[in-house]
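Working notes, structure below.
The first residue of the sequence shown is numbered 1, and numbering continues consecutively from there. All heavy atoms count here, side chains included; hydrogens, waters and symmetry mates do not.
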Amino acid sequence: MTRGLLIALTVAALLIAAMWALQRKLIYFPDASPVPSALQLFIRAEDVTLTTSDGLELGAWYVPPVGASREMTVLVANGNAGNRADRALLASDLADAGFATLLFDYRGYGGNPGEPSEKGLALDVRAAYRHLVDERRVPRERLLYFGESLGTGVVTELATEYPPAGMLLRSPFVDLASLGARHYPFLPVRLLLRDRFPVAESVARVDVPTTVVYGTADTIVPPDHSERVADAARGPVERVALPGVGHNDAVMFGGATIVDATVALAERALRAP
């Protein structure tokens with residue numbers, strides 16, 4: 001074996017070892033700082049504490065509708081960065097449109113204890129679901145799931161066990177391994193990845209009205225990923241393609257486009273048999 005080949009193999013081995021050890025640092029980007037009280041951001045809202053089945057207490061906000069209620073509640077699963085304060089505009093806009101909204105932070109986000117992982121986030125979203133269904137008595141036919149990027153993996157997995165009235169998937173990817181392989185083609189991502197989030201596989205198992213929203217200029221979750229998720233959906237699906245919009249553009253975090261898509265989904269869900 002030549003010295004050059006030995007060096008190359010050593011570097012490759014170190015890269016693979018580093019990816020295995022640090023991969024969750026490349027997936028989750030939590031803002032761990034505490035968030036303000038709900039009433040500091042909303043006229044009417046409640047601070048909520050969710051308790052997971054493994055004993056963690058997570059911060060959340062329940063934001064009721066403003067004015068006439070649609071009698072529909074939106075459970076929001078955030079993307080992989082920031083915390084729920086970054087989604088305050090979304091909740092405010094949904095409230096103005098007549099929706100109640102539950103915003104919560106995953107473990108490790110927004111001052112919450114714990115470290116994020118696929119298994120952990122599944123427990124976190126179930127705590128949010130149980131709060132709405134058990135404590136607020138929200139019936140399934142009045143519950144919408146809203147998943148944002150990584151959160152599409154969270155809500156679609158939840159939906160395989162607890163189907164909602166409808167799902168809005170913003171910037172969904174086929175699965176995390178496929179997405180990771182796109183961004184890191186020089187690494188054996190499919191072999192090493194521990195957290196998978198198989199979105200397309202999950203939506204193929206859930207027969208509910210689904211809306212897929214994505215930007216055509218998204219370089220983080222390429223639009224063909226979102227299109228393939230829409231193709232895989234078992235239930236009736238609507239696509240909302242936003243020309244020239246990127247993954248983190250302001251239009252993705254609230255405003256008329258997102259609200260209109262949610263309103264249309266709610267209407268479809270109410271008409272569904």
*Transitively linked via ILVMFWY side-chain contacts under 4.5 Å: Val237 with Val213?*
no
*Derivation and outcome, salt bridge (charged side-chain N to carboxylate O under 4.0 Å, His left out), residues Glu238 and Arg268*: CA-CA 10 Å; Glu238 286 194 357; Arg268 291 168 57 215; 3.7 Å; yes
*Take Tyr62 and Leu103 through the side chain to side chain contact (heavy atoms under 4.5 Å, CB included) test and state the conclusion after the steps.*
CA-CA 7 Å; Tyr62 177 79; Leu103 293 179; over 6 Å; no
*asked:* On a heavy-atom basis, which atom in Ala32 and which in Gly108 lie closest, and how many Å separate them?
replied: CB-O, 3.8 Å
_side chain to side chain contact (heavy atoms under 4.5 Å, CB included) for Met252 and Asn248? Distances and angles first, verdict last._
CA-CA 7 Å; Met252 291 298 200; Asn248 291 316; over 6 Å; no
*At what distance, to the nearest 0.5 angstrom, does CG of Leu123 lie from CG of Leu56?*
8.5 Å
_Between Asp134 and His131 (side chain of the first, backbone of the second, donor and acceptor by atom type, cut-off under 3.5 Å), is there such a pair?_
no
*For Ser178 and Val174, indicate whether the former's side chain and the latter's backbone hold a donor-acceptor pair under 3.5 Å.*
no
*Is a donor on one side and an acceptor on the other found under 3.5 Å between the side chain of Ser226 and the backbone of Ser171?*
no
*asked:* Is there a side-chain contact between Val203 and Leu169 in this structure, where contact means two heavy atoms from C-beta onward sitting under 4.5 Å apart?
replied: yes
*Specify the closest pair of heavy atoms between Ala200 and Ala232, including all atoms of both residues, with the distance to one decimal.*
O-CB, 3.7 Å
_Tell me the closest heavy-atom pair linking Pro209 and Ala165, and the distance in Å._
CD-O, 3.3 Å
*According to a 4.5 Å side-chain heavy-atom criterion applied to Ile, Leu, Val, Met, Phe, Trp and Tyr, with indirect links allowed, do Leu39 and Val63 form part of one hydrophobic cluster?*
no
_Let me check something: do Val48 and Val35 share a hydrophobic cluster, defined by ILVMFWY side-chain heavy atoms less than 4.5 Å apart, either directly or through other members?_
no
*Are Ser92 and Phe42 side-chain neighbours, meaning at least one heavy-atom pair lies under 4.5 Å?*
yes
*Are the side chain of Glu148 and the backbone of Gly79 linked by a donor-acceptor contact shorter than 3.5 Å?*
yes
*Is any side-chain heavy atom of Glu201 less than 4.5 Å from a side-chain heavy atom of Val229?*
no
_Hydrogens and angles aside, do Asn83 and Tyr106 bring a side-chain donor and acceptor to less than 3.5 Å of each other?_
no
*Start with the C-alpha distance between Asp96 and Leu94, add both sets of side-chain angles, then the distance that settles side chain to side chain contact (heavy atoms under 4.5 Å, CB included), and finish with yes or no.*
CA-CA 5 Å; Asp96 288 343; Leu94 290 174; over 6 Å; no
*Can you check whether Ser149 reaches Val221 side chain to side chain, under 4.5 Å on heavy atoms?*
yes
_Measuring only between side-chain heavy atoms, which start at C-beta, is Leu90 closer than 4.5 Å to Ile258?_
yes
*Judged by atom type as modelled, is there a donor-acceptor pair below 3.5 Å linking the side chain of Glu161 to the main-chain atoms of Leu158?*
no
*asked:* Test side chain to side chain contact (heavy atoms under 4.5 Å, CB included) on Arg196 and Leu176; report intermediate values, then the result.
replied: CA-CA 5 Å; Arg196 296 282 170 163; Leu176 200 57; 5.6 Å; no
_Can you confirm whether Leu58 sits close enough to Asp105 that some side-chain heavy atom of one is under 4.5 Å from a side-chain heavy atom of the other?_
no
*Donor-acceptor pair, Asp195 side chain versus Ser117 backbone, under 3.5 Å?*
no
*Indicate if Leu121 and Leu102 have the same hydrophobic cluster label, given that clusters are the connected sets of ILVMFWY residues with side-chain heavy-atom separations under 4.5 angstrom.*
yes
*Counting distance only, does the side-chain N/O of Thr210 pair as donor-acceptor with the main-chain N or O of Val208 below 3.5 Å?*
yes
*Show your reasoning for whether side-chain hydrogen bond (donor to acceptor under 3.5 Å, both in side chains) applies to Asp47 and Ser37.*
CA-CA 7 Å; Asp47 291 306; Ser37 166; 3.0 Å; yes
_Electrostatic pair Arg205:Glu157 at N-O distance under 4.0 angstrom_ = no
*With a 4.5 Å limit on heavy-atom distance, are the side chains of Tyr214 and Glu227 in contact?*
yes
*asked:* Within this structure, what is the CZ-OG1 distance for the pair Phe146 and Thr101, rounded to the nearest 0.5 Å?
replied: 9.5 Å
*So which of Asp218, Asp175, Asp224 actually passes salt bridge (charged side-chain N to carboxylate O under 4.0 Å, His left out) with Arg182?*
Asp224
*Applying ring pair (Phe, Tyr, Trp, His ring centres under 6.0 Å), which residue pairs with at least one partner in residues 242-273 are found, sequence neighbours left out?*
none
_Please tell me whether Arg170 and Thr211 have a donor and an acceptor in their side chains that are separated by less than 3.5 angstrom._
no
*Under 4.5 Å between any side-chain heavy atoms of Leu144 and Phe99, yes or no?*
yes
*Is there a donor-acceptor contact under 3.5 Å from the side chain of Asn78 to the main chain of Phe104?*
yes
*Kindly write out the residues that satisfy salt bridge (Lys or Arg N to Asp or Glu O under 4.0 Å) with Asp231, not counting sequence neighbours, or none if the list is empty.*
Arg239
*Verify, without hydrogens or angle tests, whether Tyr109 (side chain) and Asn80 (backbone) share a donor-acceptor contact under 3.5 angstrom.*
yes
_For the CD1 atom of Ile220 and the CG atom of Leu179, what is their distance to the nearest 0.5 Å?_
9.5 Å
*Can you tell me how far CG of Leu270 sits from CD of Glu71, rounded to the nearest 0.5 angstrom?*
9.5 Å
*Drop me the distance from Leu132's CG to Thr73's OG1, to the nearest 0.5 angstrom.*
6.0 Å
*With a cut-off of under 6.0 Å to the ring centre and 45° to the axis, is Arg130 in cation-pi contact with Tyr162?*
yes
*Enter the distance from Thr262:OG1 to Arg70:CZ here, rounded to the nearest 0.5 Å.*
9.5 Å
_All side-chain hydrogen bond (donor to acceptor under 3.5 Å, both in side chains) counterparts of Ser33, not counting sequence neighbours_ = Asp31
*Of the options Leu168, Thr156, Leu75, which is the one that meets Tyr145 in a side chain to side chain contact (heavy atoms under 4.5 Å, CB included)?*
Leu75
*Any chain of hydrophobic side-chain contacts (each under 4.5 Å) joining Leu89 to Leu41?*
no
